[in-house]
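Quick note: numbers below take in every heavy atom, side chains included, and nothing from hydrogens, waters or symmetry partners. All values reported here derive from a predicted model rather than from experimental measurement. Throughout, a chain's letter reflects where its sequence line sits, starting with A, and its residues are numbered from 1.
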Protein chains: 2
Amino acid sequence: MQALMMNSQLMISSILRHADKNFPDSEIVSVTADNPRHRHTYKDFANRSRQLANALAELGAKFGDRIGTLAWNDYRHLELYYGVSGSGMVCHTINPKLFPEQVNYIINHAEDRFIFVDLLVVPLLEALQDHLPKVEGYIILTDEAHMPKTTLPNVFCYETLLSKQSTSFDWPEFDENTASAMCYTSGTTGNPKGVVYSHRSTLLHALGGSMPDVVAASYKETTLPIVPMFHVNAWGAPYAALMAGSKMVMPGPKMADGESLQNLIETEKVTFSSGVPTIWLALLDYLDKTGKTIPTLTRASVGGAACPRIIIERFKHQHDVEVIQGWGMTETSPLGTIYCKKSGMEDLSEEEEIDLQCLQGRGVFGIEMRIVDDSNRELPWDGVAFGALKVRGPWVCSGYYGLSQVPGSEGCPVDELGWFDTGDVATINPQGYLQITDRTKDVIKTGGEWVSSIEIENAAVNHPDVAEAAAIGRYHPKWTERPLLVVVRQAGASLTTDELLKYLSNTLHKISMPDDVVFVDELPHTATGKLNKLALRKSLADYQFPIIA
Amino acid sequence: MQALMMNSQLMISSILRHADKNFPDSEIVSVTADNPRHRHTYKDFANRSRQLANALAELGAKFGDRIGTLAWNDYRHLELYYGVSGSGMVCHTINPKLFPEQVNYIINHAEDRFIFVDLLVVPLLEALQDHLPKVEGYIILTDEAHMPKTTLPNVFCYETLLSKQSTSFDWPEFDENTASAMCYTSGTTGNPKGVVYSHRSTLLHALGGSMPDVVAASYKETTLPIVPMFHVNAWGAPYAALMAGSKMVMPGPKMADGESLQNLIETEKVTFSSGVPTIWLALLDYLDKTGKTIPTLTRASVGGAACPRIIIERFKHQHDVEVIQGWGMTETSPLGTIYCKKSGMEDLSEEEEIDLQCLQGRGVFGIEMRIVDDSNRELPWDGVAFGALKVRGPWVCSGYYGLSQVPGSEGCPVDELGWFDTGDVATINPQGYLQITDRTKDVIKTGGEWVSSIEIENAAVNHPDVAEAAAIGRYHPKWTERPLLVVVRQAGASLTTDELLKYLSNTLHKISMPDDVVFVDELPHTATGKLNKLALRKSLADYQFPIIA
Ligand SMILES: Nc1ncnc2c1ncn2[C@@H]1O[C@H](COP(=O)(O)O)[C@@H](O)[C@H]1O
């Protein structure tokens, strides 16, 4: 039997309409290349987003067109989020820090018709322009006074374009499963792959992510998304903040700069902020060095990589900030799990609480998760069994742009049972807290058992003489694979293999103990700064363990 | 362009699965006719809901069948919410306090195949059974030991039925627009009308309603829904609580009893509770009388009727409880607007804050609202203009069961533009706060202007000698209609018309001043306790104003 409820579609434009009507005076503060501290209100913002929608129509952009952005976190990028998606076009955010050939591949693969580009990123596009035959125009995100001299063809000035437009625009309503945004994810192998979000997935993610025990978006918060808007939509902050009426502070290009961040937090009274671990380290170090403080900040959400315990401890002890670690990925919009206590945990000691914050969090409504063994059989939530992490839910991707959508087939990340394979390996403890132990392709399979490469690396970097460490599996005639540890020493240190192995034997199980250590001057990394184990395995392809038992 | 996200349907069963996996130890405490304090956990609850699903299948109930409930707020009723809707059947909650002929009409109109009935309500059904030819069986919500002797045919004992079933059941996934629940709303005219909720509307309502600035559902809360589960699904608490993992306390038949409520709040450490104004008055009076306290309660949500200022003040000053007034109706699931401050309101005085709490709240994401004049033209949000309140959104009904679904046509409450006509008349102030000033059909139209009957009534009941008051429009040759005030005096009081009019002239505008006052011994009410103005108008049909100008 069909229900008799309105068939209102979940539209990104409805967030804007809600924000405009209910919170016209809420503020958006931005750092941009052309203005160190731009301020306007939701009302201004809504007017400008409608002007943008009119401008897009005038440019000739059509429903379904991909519109590329190469931009930082600021109000103009936010206007693109609403103006482009609200018009039924696809806001395709591109990471300006990728290798140029990746940017090139991504723009062509998505067939972007127009590209909105930050002043600072114009040179990148100038270098690529000959390879971008399908791009019909470039819009530079600045005003007339700051327009650069450029070799780009069909160039427009963003502010000039907007200023000619009416602030009236009727946002169209259409199927909520229509593509709203696109974000490419680049692994260590193959070409970047495009994840395509819908209006529906975006709204459900914003609702689920705003809940009190998740991110707790509220009018009371002033939120500073440091995680870039080209990185999984700044974890959804641009949507959740406008839903709740929060004041937004956008750091522009100053994302990894402790001084700018401290200054923004202090002067704009930021209460909540989100970013990857390295950002937080930069900020904490800056605060240490200068003795400056961040008294208004109460919560910092951390994701994108495991959060080192030391970040949690420093935030708590030095700045009274609660770290909220979450796990997610481009393919999950990104919210997967997030730290939050549960009832019965009122009396945790400070140490126990930090232990809990070091895990990747617990399930949120909307995402179902399971860990499975090699035969796709579900493993128990006992904190010990570890297996491939699979998830499903309305904000999880069903496939990549241009690749197979058939569950279980080549190129499709969803298995026959409808679960998305995250590529992560994890345990889940009896309380439901997730711990990522490895990437599926990095796990070391030895004598039928799985050994976590990350566990070995964490143990190794605890040694004061170790600057960086990577553990990979190498061929072993008896055990198929055994762990090999590759280490960069701290400058000036003279650590030996025996010393390090002795040290590791204090914390690692026998099965996880590396069979050998190789010292190197540096380890290979990907464009986004992650350890490139594929390259490492290649460079050590000829390696053989010294003593074959 | 279609997005590439999972097409996971929003299913009520997914809340149960989430609750079971993530919060197995969260508690549900219930008062029932057969147990003064029943306790179990989400895990037990999930098992029993699956047993219920198996039992329904064994009874022969099918996808789409309407399953009636006549029950109070307790764990068994909650199991019906999940077991019935989760199976793809329609959980049709019926108010046992309606007039028997209304219950009769409702059961037959919905064509309920089975009815689950509380011990205390069995006599009602016994009296009606001959008029219920389509009901195939009655399941009494108790255990074997408490089974009553009954004349009902095809009777089952709920606990016996469940005990035979497996705790395994695979919840089916189906179209999220499928009917999940049904609730009849009885106005003062005509037959009750059935609102049919969907899985989608229910989940979106639960998400939207759980937000930090709405009801803020959290694992930290212990929630006591006093508003009945047959009254718009207890305002959604059964869904929001399980999503968040809150401890639930269910008062069973003891809904309007101050002593029981105080005892539950104190012993179970309730932090949040929801109910209509009369419930709160009963509790506050009991606390006054006994000197008992409710120290754990921090927030009380109030809706269903305007919340008298005195409730807000007493809660705040005597018990440090924040009153959260909301407006909504059966047709809006019910969340429409709710009290919450906005940024910029940090420095409100206590009086100003109470003024704000006396309004019906501000917009929530998911509901769009507008007020319109007689020609359906939108009126400004200036706090002065008042007009018919219309709303739209994914948890607003599109029509009534068995009546027209065509917008704008007879019987359909949705206008040609897609807006649901609430039947309420309201102002919206520049900050976006709603104030209900009347029901459309009660508003008094005098000389082309609208006068709020509620404004007159509120002014009148402020007089210490007035127990209850109703204002209605009566024919006037010059002004078409003028207000007539009908008053019940406090016992022993001897208030006169002149005294009361003089008193009113201090607060009411000239246009709102009643032309006359009629004193009566009592005023007519509907089954749900609302003032029955239709009956009042009928009984005063022959009334004429004494001095016709
Ligand atoms: N906070 C409130 N203040 C004034 N009237 C209210 C409030 N909440 C609900 N109502 C009235 O109750 C009606 C809904 O009744 P029901 O469908 O029985 O819940 C609304 O249309 C309003 O007339």
Measure distances from B:Leu203 to the heavy atoms of chain A and classify the residue's part below 4.5 Å as side chain, backbone, both or neither. side chain
Is the closest side-chain donor-acceptor distance between A:Tyr400 and A:Glu331 under 3.5 Å? yes
Out of A:Ala217, A:Gly245, A:Ala244, return the one with the most heavy atom pairs under 4.5 angstrom to chain B. A:Ala217
Within the distance-only criterion (no hydrogens, no angle test), does the side chain of A:Asp415 pair as donor or acceptor with the backbone N or O of A:Gly418 below 3.5 angstrom? yes
Tell me which of these, B:Asn22, B:Leu4, B:Val396, has more heavy-atom pairs under 4.5 Å with chain A than the rest. B:Leu4
Counting heavy atoms not belonging to B:Asp382, are there more than 12 under 6.0 Å from its CG? yes
Interface moiety of B:Val90 toward chain A, non-hydrogen atoms closer than 4.5 Å: side chain
Considering only heavy atoms from C-beta outward, does the side chain of B:Gln9 approach that of B:His199 to under 4.5 Å? no
Counting distance only, does the side-chain N/O of B:Lys247 pair as donor-acceptor with the main-chain N or O of B:Glu268 below 3.5 Å? yes
Need one label for B:Val215: side chain, backbone, both or neither, based on atoms under 4.5 Å from any heavy atom in chain A. neither
Report the option among A:Gln405, A:Met182, A:Arg66, A:Arg200 that has the most heavy-atom pairs separated by less than 4.5 Å from atoms of chain B. A:Arg200
For this output row, return yes or no: ring centroids of A:Tyr184 and A:His92 closer than 6.0 angstrom. yes
Do B:Asp213 side-chain atoms and A:Tyr219 backbone N/O form a donor-acceptor pair below 3.5 Å? yes
Most contacts with chain B, counted as non-hydrogen pairs under 4.5 angstrom, among A:Ser26, A:Ser198, A:Gly432: A:Ser198
Part of B:Glu176 lying under 4.5 Å from any heavy atom of chain A: side chain
Which residue in the set A:Thr422, A:Val391, A:Val364 passes side-chain contact (heavy atoms from CB on, under 4.5 Å) when paired with A:Met369? A:Val391
Side-chain (B:Thr330) to main-chain (B:Thr185) donor-acceptor, under 3.5 angstrom: no
Salt bridge or not for B:Arg299 and B:Glu322, using N-O below 4.0 Å? no
Contacting region of A:Lys341 [heavy-atom separation from chain B under 4.5 Å]: both
A:Pro24, A:Gly64, A:Ser218: which one forms the most heavy-atom pairs within less than 4.5 Å of chain B? A:Ser218
Choice from A:Lys21, A:Met89, A:Glu27 maximising heavy atom contacts with chain B below 4.5 Å: A:Lys21
For each of B:Glu368, B:Met211, B:Lys342, B:Arg362, tally heavy-atom pairs with chain A at distances under 4.5 Å, and name the one with the top tally. B:Lys342
Using the ring centroid of each side chain, check whether A:Tyr197 and A:His205 are separated by less than 6.0 Å. no
At a heavy-atom distance under 4.5 Å, which candidate from B:Ser398, B:Gly399, B:Cys340 has the highest pair count against chain A? B:Ser398
Given a strict heavy-atom distance threshold of 4.5 Å, which part of B:Ser343 is in contact with chain A: side chain, backbone, both, or neither? both
Most contact-rich option vs chain B, by heavy-atom pairs under 4.5 angstrom, among A:Ile367, A:Ile15, A:Asp65, A:Val214, is A:Ile15
Name the member of B:Asn7, B:Asp175, B:Thr178 that forms the most heavy-atom pairs with chain A at distances under 4.5 Å. B:Thr178
If you count heavy-atom pairs within less than 4.5 Å of chain A, which of B:Ser246, B:Ser210, B:Ser333 leads? B:Ser210
If I measure from the heavy atoms of chain A, does B:Ser180 come under 4.5 Å with its side chain, its backbone, both, or neither? neither
Among the options B:Phe63, B:Trp381, B:Phe420, pick out the one with the most heavy-atom pairs lying under 4.5 Å from chain A. B:Trp381
So, A:Thr271 versus A:Glu221: side-chain donor-acceptor pair below 3.5 Å or not? yes
